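Everything below concerns the one structure shown next.
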Amino acid sequence: MSLLTMVSYNLMDYNKPPIDDPRQFQQREFIRTEIRPDILCVQEFWHVSRDPDDKAMHAVFAEFADQLGMVGRLAWASSYCNIGVLWRPEVATEVAWQEYSHWQYHHTLGLATLDIGASKSLKVATTHLTPFCAQSRFSEAGYVAILGNPAVPAIIGADWNTVGQEPALDGTGHYDPEPYADQQPDHGYQIHQVEWSDDPKATAIDRRALERLRRAGLFDVAHHLRAPWQATTGHHPSDPHGGRRIDAFRASKAALSALSDHRVWDYRVGDHKPISVQLDTTALG
């Protein structure tokens, strides 16, 4: 058995001026010394650029990768909240890279095809669905859904900005509870998250985007592994939403059997907690 640690982490406006050097140093050290990922998906790697090929932007990302002992690829986003996939060169080699920066994506999609020494290459993707429109999230999920081929090993680590419809482990309700059920309805931020209703006090979150992925063959890894539910956001003073699990891995059928040990790291330097999962390279189907 050969186990690789895969991590997904929203870095919270990393490199956005004024740059918070102490916080970013803490995050890098935690990634490097505590989580020690072999493959890392990041969201919100911030840079002011209207050019997806901006050399300065990619140089800053390469420096970030080097600080972690990794290499990787950055995908530009029109929101400035770019995303990236990184890997340790001793465990993975790039076969191909695709990004969807020119599509109508708020935060874009990046896809690395990696040779990890298994019988099949592994597709590793990251994205960050828009926080501002449930209908747009549903449309963006349609692009991600192309990775649901059951014969192709694929794993997506992402900030989905929503939750799915998977049933609770005890069969009662949803695995992801309604985040706004106990909150005062009719707040401005909720309109971007809840199902459209003629009732302005309705608080049911719109789950269609991730249900679209499930039906396309991309399954929630934490739910599949029957991991206890844990929020990945809601701890930061700037977050008005409360506890939600919007950071999650989704995987194709060919990758699911190779995954184990899902974990939410209780690390609160930033507004998201990192998540990890173990991948057995000998079990990719």
Side-chain angles (χ1 to χ4, degrees), residues 1-47 56-77 81-94 97 107 110-112 114-117 122 124-128 155-159 221-222 227 230-233 235-236 246-249 258-281:
M1 179 183 293
S2 178
L3 292 177
L4 300 182
T5 299
M6 300 191 63
V7 173
S8 184
Y9 192 8
N10 181 315
L11 298 169
M12 186 183 173
D13 289 339
Y14 193 95
N15 280 338
K16 182 178 182 179
I19 296 174
D20 187 346
D21 283 321
R23 190 253 297 176
Q24 294 184 183
F25 176 78
Q26 289 180 57
Q27 288 178 303
R28 290 196 305 271
E29 285 299 287
F30 188 79
I31 294 169
R32 187 179 65 85
T33 65
E34 296 294 328
I35 309 180
R36 299 191 295 274
D38 296 299
I39 299 173
L40 172 64
C41 300
V42 296
Q43 304 87 44
E44 292 198 20
F45 194 92
W46 213 88
H47 196 277
M57 175 180 67
H58 290 281
V60 172
F61 184 75
E63 180 183 21
F64 169 73
D66 186 63
Q67 289 167 331
L68 298 176
M70 307 180 84
V71 296
R73 291 282 203 150
L74 182 74
W76 172 86
C81 289
N82 308 304
I83 59 165
V85 178
L86 305 93
W87 56 91
R88 295 193 186 280
E90 63 268 27
V91 301
T93 303
E94 179 184 329
W97 170 254
H107 288 309
L111 170 61
L114 300 177
D115 180 350
I116 57 172
L122 176 68
V124 179
T126 188
T127 191
H128 185 180
I155 303 174
I156 305 97
D159 174 357
V221 173
Q230 291 177 271
T232 63
T233 60
H235 56 273
H236 197 269
I246 59 176
D247 305 89
F249 289 104
L259 300 174
S260 63
D261 298 325
H262 181 275
R263 179 174 179 181
V264 176
W265 294 76
D266 192 18
Y267 183 67
R268 306 187 180 206
V269 178
D271 59 352
H272 290 250
K273 297 177 181 179
I275 60 174
S276 67
V277 70
Q278 298 293 309
L279 170 71
D280 178 2
T281 62

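Everything numeric in this text was worked out from a predicted model, so none of it was measured. Atoms considered below: every heavy atom in the structure, side chains included; atoms not considered: hydrogens, waters and symmetry mates. Numbers here simply count residues along the sequence, with the first being 1.
With Asp159 as reference, Asn10 is the one residue of Thr126, Asn10, Thr127, Thr233 to meet the side-chain hydrogen bond (donor to acceptor under 3.5 Å, both in side chains) rule. Each of Gln26, His272, His235 was evaluated against Tyr267; a single residue qualifies, Gln26, per the side chain to side chain contact (heavy atoms under 4.5 Å, CB included) test.
Listed for the Asp115 side chain is no donor-acceptor partner under 3.5 Å among the backbone atoms of Thr93. Under the 3.5 Å distance criterion, the side-chain polar atoms of Asp280 are left unmatched by any main-chain donor or acceptor of Ala258. In this structure, the side chain of Thr232 engages the main chain of Ile246 through a donor-acceptor pair within 3.5 Å.
With values rounded to the nearest 0.5 angstrom, Leu259 atom CG is found 10.5 Å from Leu3 atom CG. Atoms CZ and CG, on Phe25 and Asp20 in that order, are 13.0 Å from each other to the nearest 0.5 Å. From Ile275, atom CD1 reaches atom CZ of Phe249 across 4.5 Å, with rounding to the nearest 0.5 Å. Rounding to the nearest 0.5 Å places CD1 of Ile116 at 5.5 Å from OG1 of Thr281. Of the inter-residue distances, the one linking Ser276 atom OG with His262 atom NE2 reads 7.0 Å to the nearest 0.5 angstrom. Annotation: the span from Gln43 atom CD to Asp247 atom CG amounts to 6.5 Å, rounded to 0.5 Å.
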Checking Gln27 against Tyr14 for the side-chain hydrogen bond (donor to acceptor under 3.5 Å, both in side chains) test, could you report, in this order, the C-alpha distance in whole Å, the side-chain angles of both residues, the deciding distance, and whether it holds? CA-CA 10 Å; Gln27 288 178 303; Tyr14 193 95; over 6 Å; no

Determine, stepwise, if the pair Leu122 / Trp87 fulfils side chain to side chain contact (heavy atoms under 4.5 Å, CB included). CA-CA 12 Å; Leu122 176 68; Trp87 56 91; over 6 Å; no

Apply side chain to side chain contact (heavy atoms under 4.5 Å, CB included) to the pair Ser8 and Met6, showing each step before the final yes or no. CA-CA 7 Å; Ser8 184; Met6 300 191 63; over 6 Å; no

Stepwise side chain to side chain contact (heavy atoms under 4.5 Å, CB included) check, Arg28 with Phe64: CA-CA 8 Å; Arg28 290 196 305 271; Phe64 169 73; 4.0 Å; yes

Given the rule in the side chain to side chain contact (heavy atoms under 4.5 Å, CB included) test, do Val71 and Glu94 qualify, once you have shown the distances and angles that lead to the verdict? CA-CA 10 Å; Val71 296; Glu94 179 184 329; over 6 Å; no

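Under the 4.5 Å side-chain criterion, counting only non-hydrogen atoms from C-beta, Gln24 is in contact with Asn15. The shortest distance between side-chain heavy atoms of Met12 and His236 falls below 4.5 Å. Looking only at side-chain heavy atoms (C-beta outward), Ile31 and Leu11 come within less than 4.5 Å of each other.
Listed here is the closest heavy atom pair of Ser260 and Val277: O-CG2, 3.2 Å. Closest approach of Val264 and Ala231 over heavy atoms only: CG1-O, 3.8 Å. For the residue pair Gly84 and Phe61, the shortest heavy atom distance occurs at CA-CZ, 4.0 Å. Listed here is the closest heavy atom pair of Gly72 and Ala65: N-CB, 4.4 Å. Residues Ala75 and Gly110 approach most closely at CB-CA, 4.2 Å, considering heavy atoms. Heavy-atom minimum distance, Ala77 versus Asn82: N-OD1, 2.7 Å.
Ring planes of Trp265 and Phe30: perpendicular class, angle over 60° (limits at 30 and 60°).
Partners of Val91 under the side-chain contact (heavy atoms from CB on, under 4.5 Å) rule, at least two apart in sequence or in another chain, are Leu4, Asp38, Arg88. Shown here are the side-chain contact (heavy atoms from CB on, under 4.5 Å) partners of Asp13, two or more places apart in sequence or in another chain: Lys16, Glu44, Trp46, Cys81.
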